[in-house]
Amino acid sequence: MSSIKPTETAAMAATGGASPEIRYTPAEIEPRWQQRWADQPDLYAAEPASSSKPKYYVLEMLPYPSGQLHMGHVRNYAIGDALARYMWMQGYNVLHPMGWDAFGLPAENAAIKNNTPPRAWTLSNIAAMKRQMNRIGLSYDWANEVTTCLPDYYKWNQWFFIRMFERGLAYRKKSKVNWCPKCCTVLANEQVINGRCWRHEDTIVEQRDLEQWFLRITDYAQELLDDLDKLEGWPEKVRTMQRNWIGRSEGAEIEFAVEDATHAPDDEYQHMRHKGTAVLPAVEGVKAIGSKIAVFTTRIDTIYGATSIQLAPEHPLVTEFAIANSELADQVNTLIDQQKQARESGDIGEIEKHGVFTGHYAISPFNGEHLPIWVANYILAEYGTGAIMSVPAHDERDYEFAQKYGIEMRVVILPRRTDEDDSNREQESMLPYTEEDSLLINSCEFSTLGNKEAQQKMTAFAEEKGFGKGKVTFRLRDWGVSRQRYWGTPIPMLYCEKDGIVAVPDDQLPVLLPDNVEITQEGGSPLAKLPEFVNATCPKCGGPARRETDTMDTFVDSSWYFYRYTNANNDKAPFDSVAAKYWFPIDQYIGGVEHAILHLIYSRFWTKVMRDLGLIKNDEPVERLFTQGMVIKNGAKMSKSKGNVVSPDDMIARYGADATRMYSLFAAPPDRDLDWQEDGVAGVSRFLGRVYRFVIKAVPGMRGPVTAKRNQLDAALATVLERKLHQTIHKITQDFAGRWHFNTSIAAIIEMLNLFSEHEDAIVNAVEADARARAIITNLVLLLSPFAPYLAAELWDQIGGTSVINKEPWPKADPDKMVELTIEIPVQVNGKLRAVVQVPKDADQEAMQKAVKNDPKVQASIADKEIVKVIVVPSKLVNIVVKG
Ligand SMILES: [Zn+2]
Ligand SMILES: [Zn+2]
């Protein structure tokens with residue numbers, strides 16, 4: 001790292017003196033090789049599944065075709081490309097494909113702005129980015145390119161959708177959505193900024209109930225969670241994010257009967273209840289009306305501490321109560337408005353809690369107690385059962401609410417702590433506390449049980465008595481895939497008045513996205529305004545049918561694209577199962593951590609569905625995942641608004657593609673953020689220039705026949721040079737197998753070149769006759785090839801390599817040549833350190849003694865003295881005891 005300071009020019013001048021005509025010119029070398037590679041379309045092609053080689057599938061996340069690669073892309077692809085090239089050299093059959101995540105809203109925005117149809121805009125962006133990728137020298141197998149906006153791909157999105165519909169995995173339901181009244185479309189949560197539309201800053205996003213298509217990912221929630229344990233090759237942070245996203249909780253669902261309003265407890269009872277002054281005995285003889293309130297709780301052990309039931313404002317029972325009570329109806333409407341506003345501001349969790357007592361009571365099935373039923377604005381109808389039992393002594397939210405409205409708090413667990421003052425435990429000032437490890441009190445026959453045991457016994461009791469059961473819930477929701485947009489895959493469904501929802505028959509796929517569409521992004525889906533698209537024939541009854549005009553979420557496209565890469569030109573099936581079985585799971589997937597949740601959960605789900613359809617055998621799509629750090633500049637993410645964007649094209653024009661990509665591997669470990677410094681790119685470029693001049697000087701000797709035994713490397717020097725070479729091979733090989741610290745791999749090559757440069761004349765003069773000198777040159781070129789493929793290809797050609805360098809075997813480190821041959825032994829005289837002596841590593845006691853006694857410093861310190869004894873600790877120490 002220290003070796004390529006921007007100011008380093010002396011070395012160049014010195015070597016330039018001998019051969020002033022040798023100049024490293026990436027602007028000439030790189031386009032020439034780019035053309036040669038383009039003329040060999042099968043250069044990076046994978047061998048078929050019948051190959052006898054071990055397979056390796058390396059994949060970088062496919063980009064959205066914005067029209068311009070940014071430095072984050074370059075870094076992502078440089079990592080994958082180095083790995084692909086390395087694995088080829090290790091003898092693997094490598095699949096290294098690329099494609100385009102080509103549907104999405106920016107194409108529609110561009111259509112409005114530039115009056116270019118989305119398809120034309122997207123395809124021209126793809127062409128531009130493909131040119132950039134080829135200029136960088138990325139080793140992609142373009143024969144299996146995937147472009148998700150083309151019918152040959154999205155046809156299979158539709159085919160999968162229908163398969164899911166047939167299995168009940170795709171369904172329609174009404175749900176709450178973010179709706180921009182100007183866009184007339186649903187917005188994703190990420191498109192709602194401070195409660196306003198991302199495109200219309202003056203427009204408040206509304207909540208609407210809309211019929212939407214959903215994919216039943218929740219059917220796979222448990223498996224998606226369990227299989228995370230198998231993904232040992234994934235970053236722990238990604239697995240943790242997915243675990244939290246899936247959000248499994250174990251608990252119990254308990255039914256509380258609703259008390260008949262005509263038999264309400266007397267006034268005194270209500271009075272005491274509201275003051276929270278008494279724990280009242282169950283009122284005998286009160287009968288429940290028909291309704292029951294189901295409540296999910298993860299803490300059934302605290303059920304004796306429940307002092308109210310709280311319902312979401314949109315709970316059906318609230319509606320029932322409100323019909324009979326207009327005052328309540330008004331209050332509930334206020335709560336609904338508050339909830340709506342909180343949702344629109346995007347942070348429902350921060351809502352200021354309000355509630356209203358309904359005048360009704362529910363009966364605790366455990367002890368027959370009467371719990372007031374409240375309606376509260378922080379309870380959401382779509383989560384759990386839309387109702388909770390409120391245990392203010394042992395729950396933060398319940399505590400806050402109870403304090404505000406003076407609802408009783410009752411302590412029913414004692415933390416199992418020994419280091420605190422027992423007398424404080426029941427003080428209300430400590431409330432709420434939620435300790436898992438606790439003992440029950442005030443809980444009838446369950447008192448004194450530990451809370452885990454109580455949870456089991458109380459759940460069993462509820463099951464036995466028939467008012468509850470153990471239940472597992474997930475935070476994960478079904479995946480809403482409907483979008484009221486143009487530039488996406490049309491959902492292949494029809495609506496017939498007679499037959500209801502009918503899938504488009506397979507032989508009518510794809511449902512083509514029409515081209516002649518006016519995009520305004522207002523007034524809803526543009527497809528709905530095209531009668532020739534909307535009007536269809538029902539395949540069941542032959543009568544008229546209306547075509548679905550929603551398109552699919554673009555995350556559908558990226559959920560399975562990597563299977564298509566194994567067989568991208570298949571027009572009979574989404575892919576060939578034999579090829580998929582051979583290539584999957586992906587050995588190494590590389591991309592940004594921002595995809596940790598959505599893309600990487602959806603694609604895991606899609607894989608499990610495809611497995612259940614019998615298309616594949618693997619349970620998981622990706623064996624190992626790597627998330628690279630961001631590229632930043634001056635401490636901030638590159639962005640147009642900050643004016644700190646570095647264009648790959650500029651860097652390549654100035655320093656070449658090799659220097660640009662190699663710098664992106666060199667400047668930071670790949671998993672960390674990289675602060676872009678142009679000086680650093682210039683430094684890498686100068687280093688590559690040094691390599692170039694060094695190797696070019698050796699070319700005449702390398703190309704000539706081995707003529708005579710003259711100009712051999714000095715034996716001692718050869719040992720030193722070979723040791724450095726083999727240590728470097730070993731280090732880089734380890735870096736590829738381990739944590740990919742390519743920054744240190746490249747630093748090791750620089751260090752190696754520094755040593756070689758010191759002995760440049762000796763090496764260059766020996767290459768014709770000395771195999772050790774030749775090996776230094778060839779291995780230097782081979783070691784560089786994953787990082788600087790253009791330069792490596794050029795030099796390989798120059799030194800007479802006939803094969804394609806990325807199919808050459810990767811150098812092997814020879815352990816015998818790596819070892820340091822001598823070790824340093826401290827020598828003491830009468831226990832005092834007098835010298836440090838070099839001895840052969842395998843020296844025996846006698847040899848060590850001899851070497852020590854021959855050392856001038858040792859000799860000086862024992863002169864004229866009688867040696868009494870010599871103590872030798874092999875490989876460690878020599879102590880000489882002298883007298884006189
Ligand atoms: Zn809008
Ligand atoms: Zn019909």
Side-chain angles (χ1 to χ4, degrees), residues 64 103-115 118 121 158 161-162 165-166 168 170-172 175-213 340-347 480-488 490-509 511 517-529 531-554 641:
Y64 178 79
F103 273 137
L105 201 55
E108 296 185 31
N109 295 340
I112 295 170
K113 210 170 144 200
N114 312 326
N115 206 23
W121 183 82
Q158 296 172 340
F161 191 94
I162 293 166
F165 175 71
E166 290 163 353
Y171 66 98
R172 250 169 106 71
S175 81
K176 283 210 179 336
V177 294
N178 304 308
W179 181 266
C180 171
K182 274 212 181 139
C183 294
C184 287
T185 188
V186 170
L187 302 179
N189 285 339
E190 303 85 284
Q191 293 166 335
V192 181
I193 295 158
N194 297 327
R196 287 156 203 275
C197 173
W198 65 320
R199 295 186 59 246
H200 302 107
E201 282 176 26
D202 57 342
T203 306
I204 291 179
V205 173
E206 298 172 3
Q207 294 290 308
R208 283 202 184 175
D209 282 316
L210 215 66
E211 284 263 322
Q212 302 272 290
W213 283 99
K340 199 169 151 188
Q341 279 165 20
R343 280 181 207 266
E344 286 168 0
S345 76
D347 204 352
V481 293
S482 287
R483 298 289 181 270
Q484 293 72 42
R485 305 206 192 288
Y486 165 67
W487 195 233
I491 292 175
M493 289 292 156
L494 299 163
Y495 301 92
C496 168
E497 284 207 359
K498 238 171 91 189
D499 300 300
I501 300 175
V502 183
V504 173
D506 282 359
D507 61 10
Q508 290 176 26
L509 298 181
V511 176
V517 172
E518 197 203 343
I519 294 166
T520 58
Q521 289 193 344
E522 289 179 5
S525 168
L527 296 178
K529 295 173 212 154
E532 65 272 30
F533 181 83
V534 175
N535 298 327
T537 304
C538 172
K540 276 198 182 155
C541 67
R546 182 174 58 82
R547 198 180 288 286
E548 171 66 65
T549 57
D550 284 353
T551 55
M552 294 183 202
D553 181 6
T554 57
S641 61

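Ligands are counted one by one from 1 in listed order, and the atoms in each one are counted from 1 as well.
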ang(SG C541, the Zn ion (ligand 2), SG C496) rounded to 10° is 100°
Please say whether more than 12 non-hydrogen atoms of neighbouring residues, nucleotides or ligands are located less than 6.0 Å from CD in E497.
-> no
Please answer whether the main-chain N or O of A536 pairs with a side-chain N or O of R547 as donor and acceptor at a distance below 3.5 Å.
-> no
Intermediate values then yes/no, side chain to side chain contact (heavy atoms under 4.5 Å, CB included), T551 and S525 = CA-CA 9 Å; T551 55; S525 168; 5.9 Å; no
Angular separation of SG (C197) and SG (C180) seen from the Zn ion (ligand 1), to 10° | 110°
Do any of the N, O or S atoms of E497 sit under 2.8 Å from the Zn ion (ligand 2)?
-> no
Can we say K176 and D209 salt-bridge, meaning some charged N sits less than 4.0 Å from an Asp/Glu carboxylate O?
-> yes
Name, closest N/O/S atom of D499 to the Zn ion (ligand 2) | OD2
Identity of the N, O or S atom of H200 lying closest to the Zn ion (ligand 1) | ND1
Counting only heavy atoms not in E532, do more than 12 sit closer than 6.0 Å to its CD atom?
-> yes
